[in-house]
Amino acid sequence: MLFDLAKVTAHQTYNLLIGLVAPRPIAWITSTDLSGKLNAAPFSAYNYVGVDPPIVAVGVGNRPGPGVVGKDTAQNIRNTREFVINVVNEALAEAMVTTAIDFPPGVNELDIAGLKTAPSAVVSVPRIAAAPASLECRETATIEIGNSRVILGQVVAIHVNDEFIDPAGPYVRAEELHAIGRMNGLGGYVRTRDAFFRVPRTTYAEWLQANQ
Ligand SMILES: Cc1cc2nc3c(=O)[nH]c(=O)nc-3n(C[C@H](O)[C@H](O)[C@H](O)COP(=O)(O)O)c2cc1C
């Protein structure tokens, strides 16, 4: 079936994209407003897009309703220029979803989800203490595009629980992290536990030898 995106609605386009750009990592973002009030929400329009400097990108839509008003996370990041991306594992899935509820202003989603924070090392926004890893970020730019925006952030510090680090690289013991990914919408997620398989890359010389 072919979908000409000039002929489908934005919601239908969304349905198609979230089914096909998957699994997606989840950036569980902590941010604060100018008065220091803490906010947490998950975003799966997320990836790293550079390493030198280390840049992450997050797509944040508008709040439901009329007008172009970015979600609290986007507003906070514009105002303070700082945020923390917390990694979500299986144990934290339900708490993460609780923080996606559109609570009225003044409600601390982390309190409701029963989560504690820990201080960050470089930015003033705290991280989620129970997260297996966190990326401290400074906003590089926010690019407004239509009814959404892409936030680019430079990672300035990375926390990883010792048990998930192989100091040799250092490498992340990603198979033990049990991070979850977002699949489609409708509450769909994917586990990474016992799901890894390896396809080693070969050099051109090795490929030639194997294919002669
Ligand atoms: C797993 C998951 C992924 C999400 N990804 C996004 C996303 O990429 N972009 C977005 O705008 N909203 C996304 N949402 C919805 C926001 O988390 C939700 O609108 C939240 O209330 C925003 O909170 P805030 O206003 O405090 O920033 C996602 C929700 C869930 C549960």
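All ligand and atom numbering here is 1-based and tracks the order in the structure.
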[atom]: nearest protein contact (heavy atom, Å):
| atom | answer |
| --- | --- |
| atom 18 (C) of ligand 1 | A100 O, 3.7 Å |
| atom 23 (O) of ligand 1 | A41 CB, 3.3 Å |
| atom 27 (O) of ligand 1 | T73 OG1, 2.6 Å |
| atom 12 (N) of ligand 1 | K71 NZ, 2.9 Å |

Taking N or O atoms only and a 3.5 Å limit, does [X] qualify as a polar contact for ligand 1?
| X | value |
| --- | --- |
| N39 | yes |
| P42 | yes |
| G59 | yes |
| D72 | yes |
| A45 | yes |
| S44 | yes |

_Please verify the inter-ring angle class for H11 with Y14; under 30° counts as parallel, over 60° as perpendicular, anything in between as tilted._
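Aromatic pair H11/Y14 classed tilted.
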*Take atom CZ of F196 as the centre, draw a 6.0 Å sphere, and report whether it contains more than 12 heavy atoms from other residues, nucleotides or ligands.*
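More than 12 within 6.0 Å, yes.
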*asked:* Any atom of ligand 1 sitting under 4.0 Å from a heavy atom of V60?
replied: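 Distance cut 4.0 Å: V60 passes for ligand 1.
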Counting from 1, what ligand 1 atoms have a heavy atom of [X] closer than 4.0 Å?
| X | value |
| --- | --- |
| G61 | 10 (C), 11 (O) |
| Y189 | 1 (C), 31 (C) |
| R182 | 1 (C), 2 (C), 3 (C) |

*Would you kindly say whether T30 and N86 are connected by a side-chain donor-acceptor distance under 3.5 Å?*
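On atom types as modelled, these side chains qualify, holding a pair under 3.5 Å.
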*Determine whether the side chains of N47 and R24 contain a donor N or O and an acceptor N or O closer than 3.5 Å.*
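The answer is no; no qualifying pair exists.
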